[in-house]
Each structure stands twice: as structure tokens, then as C-alpha cells.
Amino acid sequence: MTRKSKDIYFSEIADLVSSRSTCVRNQVGAVIVKDSKILSTGYNGAPKKLPHCEDVGCIRDELGIKPGERHELCRGLHAEQNAIIQAAFHGVSVNGAKIYCTTRPCSICTKMLINAGIYEITYIEEYEDELASQLVIEAGLNLRRVEMPRKYGKNSS
């Protein structure tokens, strides 16, 4: 038996977390980890006690908004945002932690990760956002894409 790497292990957990998403466009999961311990998880969806997109429809679809544009026109929060919020809600510092995401974070989430003290982002699927790429470089974040085994992850065929 071959032991999984920590990158695969935490990325698989992020993929599992994404299965709780209520977004009709894309299911994303995130896991914040420090010293090989999970601090927080998050998935994309509407705020607590509000109707979910799977129940009331997608504002972005109704308005014809393309992926990567007008992030503010969405009733949901991103997985990375929810992971940071959950940590804060429970009084857990994420300063000096890593985040594992199913999708590379957008520019809004990248800015939040920088200010939260996250120093490394590991992701499974690419998400094109030039500003996010520039912010990662300027902030000196470690950014890595992990290749998942065929039976796991959203990029498997």
C-alpha cells in the first residue's frame, strides 16, 4: 500500500467538502491547514438561513454573467471566503496556514487569503484570473497545482 501525500490527502478532503456546495454553476471546496491539522473548511453557497441558488435560481445565469466577471452579483460566498469566516467565527487564527482548494482562487479570494495570513495555495483545477495571478506574485505566496489520481478530483475524466 502506498501512503498518500499530504497534498493529495488534503486536496481529496477539499473535493469532498465541495460536495456540500449549493451553487448550480460550480461546486468548490476549501480546507485551511496548519501544521498538518485542519483548521477550517468551506464550500460555496448562500449565507446562513438564506435560500440557496439550487432552490431559487442563479442570478448570474439570469443576467448572463460570464465566469470570472462581476463576482459581487451572486448570492453565494466562495469556498475560500467561507473557510476564513468559519475560522474567524470559531476564534481560530489562520495566520501562517495553507489552503487547499478544488479551484484556483479568484482575485477577491486571493486578496482575502493574503490579508488572513495564508502563505500557500494548493489547488486542483485552474481558474484564469490575471489579477489573482499578479497578486500572488506581488504577495510572494506559494502557488501550486496538484495532480489528483484519476478516481478523485474534478479534473478526472
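Looking at residues two or more places apart in sequence or on another chain, you find a side-chain contact (heavy atoms from CB on, under 4.5 Å) between Arg20 and Tyr43. Residues meeting the side-chain contact (heavy atoms from CB on, under 4.5 Å) test with Ala88, sequence neighbours left out: none. Listed by chain and residue number, Tyr100 satisfy the ring pair (Phe, Tyr, Trp, His ring centres under 6.0 Å) test with Phe10 (two or more places apart in sequence, or in another chain). For Thr110, there are no side-chain hydrogen bond (donor to acceptor under 3.5 Å, both in side chains) partners, not counting sequence neighbours. Checked against ring pair (Phe, Tyr, Trp, His ring centres under 6.0 Å), His71 has the following partners two or more places apart in sequence or in another chain: His78. Residues meeting the side-chain hydrogen bond (donor to acceptor under 3.5 Å, both in side chains) test with Asn44, sequence neighbours left out: Ser21. For Thr22, the side-chain contact (heavy atoms from CB on, under 4.5 Å) partners two or more places apart in sequence, or in a different chain, are His52, Glu54.
Under a 4.5 Å side-chain heavy-atom cut-off, the cluster of Ile, Leu, Val, Met, Phe, Trp and Tyr residues that includes Ile85 is completed by Leu77.
Applying the salt bridge (Lys or Arg N to Asp or Glu O under 4.0 Å) definition to pairs two or more places apart or across chains, none involves residues 74-95. Pairs engaging residues 28-41 under the side chain to side chain donor-acceptor pair (under 3.5 Å) rule: Lys6-Ser36 [sequence neighbours left out]. Applying the salt bridge (Lys or Arg N to Asp or Glu O under 4.0 Å) test to residues at least two apart or on different chains, the pairs with a partner in residues 98-121 are Lys98-Glu120, Arg104-Glu126, Glu120-Arg144.
Put simply, the side chain of Ser107 reaches to within 4.5 Å of the side chain of Leu135, judged on heavy atoms. Residues Ile118 and Val94 have side chains in contact (heavy-atom distance under 4.5 Å, counting atoms from C-beta outward).
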Donor-acceptor pairs are to be reported for all side-chain atoms of residues 57-65 against protein atoms at under 3.5 Å, with residues two or more places apart or in another chain.
residue	atom	partner	partner atom	Å
Arg60	NH1	Glu69	O	3.0
Arg60	NH1	Arg70	O	2.8
Arg60	NH2	Lys66	O	3.1
Arg60	NH2	Glu69	O	2.7
Asp61	OD1	Arg25	NE	2.8
Asp61	OD1	Arg25	NH2	3.1

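No hydrogens or angles considered: a donor-acceptor pair under 3.5 Å links the side chains of Glu138 and Gln134.
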